[in-house]
Amino acid sequence: MTKLKYTTVIKGHYILKGNFSGPTPELVELIEDVLKKIKNKTEFNFNKEVLNIVVESNEDETFAYEVFMQIKNKLRDTLKTKKIGLKNITVDSAELKIPAEDLSLERIKDIKIEYVSDIKFENNNVILIINNLDEWFLKNQFLRNIPNVFFEKIEKLKEAGKKEFWELIWTSKNKCDCRFTLDPTVEALKKGWLKKYPMQGVYFFTPKLTAIFRAIENLILDEILNKLEFKEAIFPKQIPFEIWKKTGHLTGVPAEVFYLSPAKTRDISIFDDINDIIKITNTIPIEKYPSRLREPIGGYCYAQCPPFYWFFEKEIIPENVLPIKWYDKSGPSFRWESGGLHGFERLNEFHRIELVWLDSIEGVISIRNKLMECYKHIFDNILKLEWRMARVTPWYYAQSGKITATELIKEKGTIDYESYLPYRGPRESSEWLEFQNISIHGDKFVKTFKIKCNKDVELWTGCSGIGLERWAVTIISQYGMDLEQWPSNFQPYLKEAKQIIETKLITWP
Ligand code: ATP
Ligand code: ZN
Ligand code: MG
C-alpha cells in the first residue's frame, strides 16, 4: 500500500491551577520556550485559565497526540518552578488534513466515516474532523487508520457505477445442441426431484437428485481428487469473526453472511413467556426472540477455505510435507442471496467441494495448472459441456469488498468457469452460469495468517470451489431430465441415480 500523505492536527487544552494569575508576559515566554524545543508546528492561546494547544504532525513526524502529551510533561516540569499546576489535560478534537488532489466536495459529499463528525474542504485540503476522542483511541493511534478508510470509500464510490471485471480467456469447442431448453428447477420440481423448503433459498433434495450429486462427486473423486492426491479433511462450518477479519469477509460481505446467535443461557425459563404464548395462541412471537439471544458469536460458512488458513496460522511447516492438498465436502455453505435467488443454481444453502492447497510458488502454480487440465478433460471429454473460462476480480478481493481486478498477473487471481444454459436464451446474449472457480491467492493468506516454512521457501496458497448444485443445473440444462440421454462417459457414474424411482405421493409433486 502506498503511504498516504496527510497532516494530523490535535487540538486540546490544559487547565492551569495553583499560582496562576493570568497570562503574564513571563508565563507566555516560558510556554514559548517549551514549544520552541518541539520540532512540530504548534500554536497556543489562553482563555482565562484554559491553555489551548494545537499540534500538527505529518505522516513522517511523531504522531501529534504523542507530541501533545510531551508538551504536557515539559510544561508541567517548567511551570512547577512557578508553582503552577496542570489539570484536565484534554484532547478536544483532531483534524486530518488530506491534500485534495483530484478530490472535490462533490465527490466526497456522500462519504460518512465512523468517528468522523464532519468532512470539510479548506485550502485545497480535505479536512476530516474527529470529536469525542478518548485515550484508548488516541493511544492506539487509531487516527492513523482513518485516511485509509476514507480512500477506500472514495474507491468504492468510483467502482459503484462500474461493471464487475470480466475477461474471457477460453471457450469450449463443444457447442450444446439445445435439445432441451427448459428451466431445470421447474422440470425437477414437476418430477419431484426436489421440494421447496420453507426457508428462503433452500430446497429439500430427494434421493434421486442426491444420487446425481453423488455421481458428480464420484467423478470428481476419480478424475481430480484421487489423481492429484488431495486428502479429505473436515473444515468447521462455524466461523469466528477473527478468522473473517483476516480473510476480509467480515468487512467485505457482512450483509450476506448468516450470523450465529445462540440463546443467552441454557436456562429454558428465559423462554417461558414465549412458550406460553405459543401454547395459548398457537402463534410464534418472533419479535421476542432477539432479547433472549446472545450477540453473534460468529457466522456460518460462506466460503469453505478460511478455516484452512487458520489451521496453519503461525505454524512452521517442514518443507518435506509440502505440498499440502486438502479438500472439504463436509457440509453446506450459507449465503443470504436475498433478491438474487433463482432456482437451485442460486441458493441460500448450497453444497460445494472446496480444494485448498499450500506450497511453494512454483508448486501452487503447478497444482493449479494440473487442476485446470483435469477440469478441461472432464468438461470436454466426459461431460461434453459447452463452457468457458473468464478471468474475474479475485474472490479474495471481491469478498473483501472490491470489484475491480487488482491482481491480473498471469499466476495470481481467480478464473471463473461458466456454462451455457439454453433455457436462458441465446448463448451470445444470455447470462452464463458460474459453476466453479479456481484461484491463486499469492501470499495474501500466508502473510495475514503468518504461515511459514522451515526452509527458505516462499509459500503461496490456492483454492477451487466446485458447486454441486451448479454442476447439476449445468448438465440438466444442456442434456435434459432423462439420464439415459446424458453423455456416455458419465453413464457409469449414473447407475445408482438411474435405479432410483422418484417417490410419488398422492398429493405431491
Ligand atoms: P455468483 O457470482 O454466481 O454469485 P460467486 O462469485 O458469488 O458466484 P464464489 O464466491 O466464487 O461465487 O463461490 C464459489 C462457488 O460456489 C461458485 O462457483 C458456485 O459454484 C458456488 N456458489 C456460490 N454462491 C452460490 C449460491 N448462492 N448457490 C449455489 N452455489 C453457489
Ligand atoms: Zn476458497
Ligand atoms: Mg455471489
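Read the numbers this way: they start at 1 and go in the same order the structure lists the ligands and their atoms. The basis for the numbers below is simple: all heavy atoms, side chains too, and nothing from hydrogens, waters or symmetry mates.
- Under the 30°/60° scheme for interplanar angles, the aromatic rings of Phe205 and Tyr203 are found to lie parallel.
- Within the 4.0 Å heavy-atom criterion, the part of Phe350 lying near ligand 1 is the side chain and not the backbone.
- Those atoms of ligand 1 with a heavy atom of Glu337 less than 4.0 angstrom away are 24 (N), 26 (C), 27 (N).
- Ring pair Tyr309/Phe449 is tilted by interplanar angle, where 30° to 60° counts as tilted.
- Each of Trp170, Trp432, Tyr420 was compared with Trp387 under the ring-ring contact (aromatic ring centres under 6.0 Å, His included) criterion, and only Trp170 meets it.
- Checked against the 6.0 Å centroid threshold, Phe379 and Trp471 count as a close aromatic pair.
- The Zn ion (ligand 2) forms the vertex of an angle spanning SG of Cys463 and OE2 of Glu354; to the nearest 10 degrees it equals 110°.
- The shortest N or O to N or O distance between Leu347 and ligand 1 is below 3.5 Å.
- Polar contact with ligand 1: present for Phe435 (N/O pair, distance under 3.5 Å).
- Relative ring orientation between Trp244 and His249 is described as tilted, the plane-to-plane angle lying within the 30° to 60° band.
- Taking any N or O of Glu469, backbone or side chain, none lies under 3.5 Å from an N or O belonging to ligand 1.
- Comment: Glu152 does not engage Lys156 in a salt bridge, judged by the lack of any side-chain N to carboxylate O separation of less than 4.0 angstrom.
- Of the N or O atoms in Arg346, one or more lie within a sub-3.5 Å distance of an N or O in ligand 1.
- Residue-ligand proximity: Arg352 is placed with a non-hydrogen atom under 4.0 Å from ligand 1.
- Contacts with ligand 1 closer than 4.0 Å are made by backbone heavy atoms (N, CA, C, O) of Glu345 only, the side chain lying farther away.
- Judged by distance alone, the side chains of Tyr375 and Ser464 do bring a donor and an acceptor atom under 3.5 Å apart.
- Residue Gly467 has at least one heavy-atom neighbour below 4.0 Å for each of these atoms of ligand 1: 20 (O).
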